[in-house]
Every structure is written in structure tokens, then in C-alpha cells.
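Read through the structure below, which is laid out as C-alpha cells, and then see the notes.
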Amino acid sequence: MKKPQLWRFRMKDMQIFRVPRQRPHLRKPTWLIVLICMVSMFLIFAYFYPPQNSTACYVFSHKGCKSFTSWLPPLTRELTDEEVASRLVIREVLNAPPSIIENPKIAYMFLTPGALPFEELWDKFFQGHEGKFSVYVHASKDRALHFSRYFINREVHSEQVDWGKISMVDAERRLLTYALKDPDNQHFVLLSDSCIPLRGFDYVYNYLMYSNVSFVDSFVDPGPHGNGRYSEHMLPEVEKKDFRKGAQWFTMKRKHAIIIMADYLYYDKFRDYCRPGMEQNRNCYSDEHYLPTFFHMFDPTGISNWSVTHVDWSEGKWHPKSYTAEDVTSELMQNITSVWDSMHVTSDEKKEVQIKPCLWNGDPRPCYLFARKFLPGTLDNLMLLFDNYTSSLDWH
Ligand SMILES: *[C@@H]1O[C@H](CO)[C@@H](O)[C@H](O)[C@H]1NC(C)=O
Ligand SMILES: *[C@@H]1O[C@H](CO)[C@@H](O)[C@H](O)[C@H]1NC(C)=O
Ligand SMILES: *[C@@H]1O[C@H](CO)[C@@H](O)[C@H](O)[C@H]1NC(C)=O
Ligand SMILES: *[C@@H]1O[C@H](CO)[C@@H](O)[C@H](O)[C@H]1NC(C)=O
């Protein structure tokens with residue numbers, strides 16, 4: 001990236017300026033150098049503080065103020081060694097040819113405090129698909145007893161997780177790390193203890209494995225719960241224009257999991273400057289900003305920008321709706337599985353609603369494969385309805 005021409009121009013002038021001081025017989029052009037310096041400084045000043053009234057604009061350019069500043073290159077900076085190294089690794093991983101795997105598997109990674117209330121439902125989901133998936137459990141509080149053979153002995157090393165803190169991102173990275181150890185794992189799904197499957201195994205497998213993007217949520221929220229959480233301490237690596245928001249529940253391709261595991265530069269910025277109680281009246285939650293921002297910066301077209309895990313924020317509270325046993329009817333499941341548009345709402349006064357069709361390799365498809373938040377008491381109803389709601393739409 002180039003520095004503005006004017007800076008270079010001025011630096012050069014300074015060097016010329018030093019020469020005549022050593023050789024007195026060249027004194028005469030000094031007035032010219034001083035003049036050039038003054039003009040340079042004036043232009044730099046005008047560049048940073050463009051004239052506001054139209055007469056001044058006319059003096060600078062007959063086309064007006066906008067064109068006066070636009071002939072200069074954009075204000076950019078030189079990258080640090082760490083940024084250069086980081087970008088190099090990211091580019092190499094993203095551009096590497098895909099490896100041919102005979103039996104590609106999907107890694108289902110469960111982030112839970114302890115017991116998994118829907119183990120029985122997931123057991124039904126996984127049954128008969130052995131060899132096409134692997135399960136990983138990060139139990140941050142209690143090691144619970146497992147009932148399903150798919151969950152027994154699948155715990156990874158875990159640490160305490162605090163809501164909204166960097167320990168949440170650490171747990172996600174830990175799950176990715178352990179799941180990456182199996183080279184057959186080609187797609188990685190992050191799930192919580194309150195998540196349920198909305199589709200049959202094959203539908204989910206095909207949707208994820210043959211998609212050309214990772215399903216990472218990412219959008220611009222100019223409001224207090226979006227850009228309002230940005231801190232200038234993240235400069236120079238993370239600029240406000242790149243700051244994004246999104247739900248933490250992702251699914252991602254192996255190459256994306258690797259660049260996340262390899263990243264410390266950007267991770268450190270979020271760990272240090274995006275946390276609850278950062279500054280007075282300002283809370284930032286890394287799990288909602290780190291990955292949406294990171295992928296926006298390094299592979300914006302490689303992500304879907306919506307999450308395949310449904311959640312209901314329509315009540316407008318601090319937490320999304322938690323479904324109870326009475327809520328779980330075939331009508332509700334029908335409603336959730338037939339959503340074809342993703343929706344984001346900004347947190348400013350405008351409450352702008354951004355609606356986009358969910359495109360799967362360019363074609364419209366239903367948005368969701370999983371849903372939350374379901375209370376443990378919904379298990380019996382979900383078990384009864386599972387065959388009904390998962391058979392309603394077949395993969396073609
Ligand atoms: C996601 O958003 C970015 C802009 O941030 C855009 O470039 C990209 O094409 C979007 N992804 C898809 C799959 O539309
Ligand atoms: C399902 O969607 C319809 C149409 O939007 C709505 O009227 C109904 O209340 C929804 N039912 C449930 C259980 O969410
Ligand atoms: C994914 O496929 C769609 C449709 O063919 C295409 O427009 C898009 O560029 C592809 N994205 C990537 C990252 O390959
Ligand atoms: C699911 O249940 C609803 C309501 O009982 C019924 O109308 C529908 O036909 C069922 N669908 C399947 C695929 O069994």
C-alpha cells in the first residue's frame with residue numbers, strides 16, 4: 001500500500017534542504033525550497049481539513065471539493081511485520097488446493113456447561129450415519145454422564161467459560177483444535193446444549209459439505225450494540241470500517257478453521273480490547289465480533305453472512321426466546337424450517353431491518369439446519385415430532 005504522495009514529496013524536500021546547509025554556495029535556491037515546503041504544508045493541511053465553503057472549493061478546483069481530495073491516493077499505512085506475516089499465512093492456507101479426502105466427515109462440536117439435554121435427539125439424528133461425522137464435547141463446568149454411544153469419551157480438555165468473555169472464544173478455538181486433529185473432518189459445526197437439529201442427517205451433511213462457503217454470521221450494525229462496541233485501541237490492525245457483528249454459532253470449512261487456529265495477532269486485539277466492562281458504559285463481547293470481523297477482513301466472499309442456527313429475537317429482550325414444551329408443535333417446526341430469508345436488525349434508533357435471501361451456491365434455499373434455544377422439557381415433544389419435521393423437505 002502506498003503512502004500519500006505529499007508525504008513523500010515533503011520528505012524529499014527535507015533532504016534537499018539539508019544539503020545547502022553543508023554547501024554555502026548553494027544558498028540562493030533556499031527561498032524556493034522554503035516556498036515549496038510552505039506550499040506542501042498548506043496542501044497537507046487542506047487535504048486533512050478540506051475547505052467547507054463553495055468559494056474556497058472553486059479556488060482549489062473547478063470541479064468542487066470532492067474532486068479536490070479524490071485525486072490524492074487514499075490515506076493508508078504501512079503494515080507491521082506481524083500483519084505481513086499473518087496475511088501471508090492466511091493467503092497460503094486459503095489458496096491451497098483442496099485435499100482429496102475419501103471419507104469426509106463433519107465435526108459436531110458441543111459447547112456446554114455440563115449435561116446435554118438433547119443427547120437422545122442427537123443420537124436419533126446420528127444413527128445409521130457412522131463414519132460421516134465425529135462428536136466433540138467441551139464441558140466447561142461438569143463432566144456429565146453420557147447416555148448416547150456417540151457422546152461417550154468424546155470430551156476434549158476444557159476450561160471455565162464465562163458468558164461474553166474471551167474464554168468463550170478460547171473454548172471455540174480449543175474445540176476446533178481437537179477436531180482438526182482428525183484429517184477426515186472437513187467441516188466444523190459449533191453447537192450449544194440448547195441446540196437441536198432441524199433436518200435429517202443427510203440433508204445437513206450435503207448442505208454443509210457441498211456448500212462453497214462457511215456459514216459465519218456477519219453484518220454491519222452502526223448502533224450501540226454493534227459499532228458502539230468498537231474501541232480505537234484495536235488500531236492499527238482492526239479499523240472501525242471493518243468491525244462486524246454476528247451470532248457465534250458457526251459452521252466452517254477446514255481451511256477457515258486452520259486460519260482461526262493460527263491467528264494470534266487479531267485474536268489478541270479482541271482479547272484485550274473487546275470485553276465486558278472495557279470502558280465505562282461500554283461492553284464488548286468477543287464471541288459476537290471476533291470471527292465476523294476477522295472473516296470480513298480476510299475472506300468476505302468465503303462466508304454466508306448468516307448463521308444456519310435459528311434463534312428467535314422477536315421478543316426484543318436481552319436474551320432470545322427460550323422454547324418451552326407447549327411451544328414445540330409441528331406448526332412451530334414447520335415455520336422455522338420454511339424460512340428462506342435471513343434477517344438482521346440494527347441496534348440504533350432506526351432499527352433498520354436488513355433482509356436477504358439465503359443463497360446456497362447461488363440458489364435460494366431454506367436458511368436453517370439447527371435451532372436454539374430449547375428448554376430441556378421440550379425433549380419428549382421433539383422426539384415425537386422429529387420424523388415429521390425432518391421428512392418435510394428432502395434434499396434434491
Ligand atoms: C458477505 O458479505 C460480504 C461483504 O461484507 C460480501 O462481499 C460477500 O459476497 C457476502 N457473501 C455472500 C455469500 O453473499
Ligand atoms: C407460524 O407462522 C404463522 C405465519 O407467519 C404465524 O401466524 C403463526 O403464529 C406461527 N406459529 C408459530 C407456532 O410460531
Ligand atoms: C459459490 O457459488 C456461487 C454460485 O455458483 C458463486 O456465485 C460464488 O462466487 C461462489 N463462491 C465461492 C467462494 O466460490
Ligand atoms: C406432520 O404433521 C402435520 C400435522 O400433524 C401433518 O399435517 C403433516 O402431514 C405431517 N408431515 C409429515 C411429513 O408427516
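Order of appearance sets the numbers: ligands from 1, and atoms from 1 within every ligand. Given the structure is predicted, the values throughout are model-derived calculations rather than measurements.
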Going by distance alone, is a donor N or O of one side chain under 3.5 Å from an acceptor N or O of the other, for [X] and [Y]?
{"X": "Q127", "Y": "D123", "result": "yes"}
{"X": "D217", "Y": "S307", "result": "no"}
{"X": "H138", "Y": "R174", "result": "yes"}

Near [X] [atom1], under 6.0 Å, is it more than 12 heavy atoms from other residues, nucleotides or ligands?
{"X": "N361", "atom1": "CG", "result": "yes"}
{"X": "K132", "atom1": "NZ", "result": "yes"}
{"X": "M343", "atom1": "CE", "result": "no"}

Under 4.0 Å from one or more heavy atoms of P300, ligand 1 contributes atoms 1 (C), 3 (C), 8 (C), 10 (C), 11 (N)
State the atoms of ligand 1, each with its element, that fall below the 4.0 Å cut-off from a heavy-atom position in H296. 5 (O)
In ligand 3, the atoms that come under 4.0 Å of a heavy atom of T301 are 13 (C)
For N212, atoms of ligand 3 separated by under 4.0 Å from a heavy atom: 1 (C), 2 (O), 3 (C), 8 (C), 10 (C), 11 (N), 12 (C), 13 (C), 14 (O)
Dump the intermediate steps for ring-ring contact (aromatic ring centres under 6.0 Å, His included) on Y285 and W163, then the final yes or no. CA-CA 9 Å; Y285 309 101; W163 184 78; 5.3 Å; yes
Using distance alone, determine whether V213 and ligand 1 share an N or O pair under 3.5 Å. no
Please list, by chain and number, the protein residues whose heavy atoms come under 4.0 Å of ligand 2. E331, L332, N335
Of the side chain and backbone of L359, name the one, both, or neither that has a heavy atom under 4.0 Å from an atom of ligand 1. neither
Disulfide bond (SG atoms under 2.5 Å apart) involving C367 - partner list, sequence neighbours excluded: C358
Could you tell me if the ring centre of F243 sits under 6.0 Å from that of H289? yes
